[in-house]
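Single-structure report; data block below.
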Protein chains: 2
Amino acid sequence: MTAHSDVPRSRRERPAKPALTRAGIVAAAVAIMRADGLGKVTMRRLARELDTGPASLYVYVRNTAELHAAILDELLGAVEAAPGGGDWRERLEQVLTSYTAVLFRHRGLAKAALVARPRGEHYLRLIETLLALLDEGGVPPGQAAWGVDLLLQYATATAAEHAPGDGDAEVAREEWDAVAGALRGASAQTHPHVAGLAAELVSGRPETRISWGFRALIDGILHTPLPEGDTGDTRN
Amino acid sequence: MTAHSDVPRSRRERPAKPALTRAGIVAAAVAIMRADGLGKVTMRRLARELDTGPASLYVYVRNTAELHAAILDELLGAVEAAPGGGDWRERLEQVLTSYTAVLFRHRGLAKAALVARPRGEHYLRLIETLLALLDEGGVPPGQAAWGVDLLLQYATATAAEHAPGDGDAEVAREEWDAVAGALRGASAQTHPHVAGLAAELVSGRPETRISWGFRALIDGILHTPLPEGDTGDTRN
DNA sequence: ACCTGAACACCGTTCAAGT
DNA sequence: ACCTGAACACCGTTCAAGT
């Protein structure tokens, strides 16, 4: 076992351990996510998969949040950039629905996107597409710029909230029933409006509500002028 | 040290270890959050603080997510339910701003609220207040019911996104600069709309943008009728 | 420059056993 | 019923040392 030296192994005897690259790391991360959910995309698991130690990954990725954002931008390649027929509103809603669909497949990704915005090429292309459609609809440029933020945030937050959990569908159902129950159980004395609207508060299929939300948002963006004298980048 | 037995300690010699209750657990959790941020509100830390083992907490709290939601409902007691002057739109914006302010103090809480909606009495009162104001403004009931969801989600998502991190302000600044840089660096050839609107995409103080968002949302809610024939609770 | 093993300082949750 | 110690199965990130 010790003194006997094996015949030197050919370099390609088994799939040669590929050199680490950022692209390779992100690809492996996507694979883990598809197989076991984003919750399993940890530095340690990823390192194991790539046959190295976790410390090695920090050469290419700053931290776990950046890794998740990179995964999302990768998946955003599947968002249709040039939707089919209909007027600009309909095509706008199509693009947003397509974006939402990507996030719906992975709730964890939506949560990540709310905190660490992706900033890869796919995300940039998505913004370009949305701005072009708003422009086509005659939305004033300033409102379009701020509106894109509103639309993407709504889509992302909705996915973070309503997408089937990375884990337990049972638990999600229970959660929802509990919330609905709390609303329906509201006293007509102390909470007359809640009691009166209990049914409406929980009505509608998720897709129907999301679609209504997009239309309300687009309408508001179109009709709400920006405040005057605050166009400089004075953030913080 | 070993054989010598101390005088039996009076029960109230030091603040007697209080019996565990759900209220006491939530109160301790709030205290930890105020002192060290939500990130430190873990089952283990909480147990240490309450001088017990983590397993004991599971008698009163289902899991960490439920604990965080309970903390939020507690803090929601500070949201002003009866805002001062102005018309209904202004008062509506006041309530929403007050809600946002609570979340802004703890970004982690906003993230938690997106996933596990609180459902305590304070949250219920907030919904009642919002519905009453929308009703006063003549918003059709169905639109008001769905609109409340839209408004709260926007406020919550904005806080999750823009609130100063539980941790590093430095890192947040870097993040923002990176995003702004990516937008400003967009090529006028490949991304004409982004390039043309780079300044507007990142302009405005956060409060200004949030306020504009609230107004756009309210306008959209007011003018967008619900789709017909989808008022039943057909979720899933 | 890149890669690594090992370590530091933690997690959530469950279980069998006690009171 | 409530409470507990101990265990299971993990985490992210940093560091000094190697190549």
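The structure displayed is predicted, hence computed values, not measured ones. Every heavy atom of this structure was used, including side-chain atoms; hydrogens, water molecules and symmetry mates were not.
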From the set [options], return the single nucleotide nearest to any side-chain atom of [X].
X	options	value
B:Arg44	D:dC2, C:dT13, C:dC15	C:dT13
A:Ala55	D:dG12, D:dT14, C:dG12	D:dT14
B:Tyr60	C:dT14, D:dC3, D:dC11	D:dC3
A:Tyr58	C:dT13, D:dG12, C:dC11	D:dG12
A:Val59	C:dC2, D:dT13, C:dC11	C:dC2

**Message:** Please classify the nucleic acid contact of A:Thr42 as base, sugar-phosphate, or nothing, using heavy-atom distances under 4.0 Å.
**Reply:**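 Result for A:Thr42 = sugar-phosphate.
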**Prompt:** What nucleic acid atoms does B:Ser56 come within less than 4.0 Å of, heavy atoms only: base, sugar-phosphate, or nothing?
**Reply:**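 Result for B:Ser56 = base.
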Using atom [atom1] of [X] as one end and atom [atom2] of [N] as the other, report the distance to the nearest whole Å.
X	N	atom1	atom2	answer
A:Lys40	C:dC11	NZ	P	20 Å
A:Leu67	D:dC11	CG	P	13 Å
A:Leu46	C:dC3	CG	C1'	15 Å
A:Leu38	D:dC11	CG	P	13 Å
A:Ile32	D:dC10	CD1	C1'	15 Å
A:Arg22	C:dC2	CZ	C1'	17 Å
B:Glu66	C:dG12	CD	C1'	15 Å
B:Asn63	C:dT14	CG	C1'	14 Å

When you measure from the side chain of [X] to the backbone of [Y], do you find a donor-acceptor pair of N or O atoms at a distance under 3.5 Å?
X	Y	value
B:Arg184	B:Val202	no
B:Thr158	B:Tyr154	yes
B:Thr156	B:Leu114	no
A:Glu66	A:Val61	no

Find out whether [X] and [Y] are in side-chain contact, i.e. whether some heavy atom of one side chain is under 4.5 Å from a heavy atom of the other.
X	Y	result
A:Ser187	A:Thr190	yes
B:Leu67	B:Ile25	yes
A:Phe214	A:Thr97	yes
A:Asp73	A:Arg119	no

**Asked** D:dA9 and C:dA9: how far apart are their P atoms, nearest whole angstrom?
**Response**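 Taking atom P in both D:dA9 and C:dA9, they lie 24 Å apart.
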**Asked** C:dG12 phosphate, OP1 or OP2: any side-chain N/O from B:Arg62 under 4.0 angstrom?
**Response**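 So the side-chain polar atoms of B:Arg62 never come under 4.0 Å of the phosphate oxygens OP1 or OP2 of C:dG12.
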**Asked** Counting only side-chain N and O atoms of A:Arg48, is one of them less than 4.0 Å from OP1 or OP2 of D:dC11?
**Response**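 A:Arg48 to D:dC11 OP1/OP2: side-chain N or O found under 4.0 Å.
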**Message:** Let me spell it out: for each of A:Val41 and B:Leu57, pick the nucleotide of DNA chain D with the closest heavy atom. Which residue's pick is nearer the 5' end?
**Reply:**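 The answer here is B:Leu57.
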**Request:** Between B:Pro54 and B:Leu20, just flag the one whose closest nucleotide in DNA chain D comes earlier from the 5' side.
**Result:**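 Its nearest nucleotide lies further toward 5', so the answer is B:Leu20.
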**Request:** Dot-bracket notation for DNA chain D is requested: 5' to 3', Watson-Crick or G-U wobble pairs only, both distances under 3.5 Å, with ( ), [ ], | and . as defined.
**Result:** ||.|||||...|||||.||
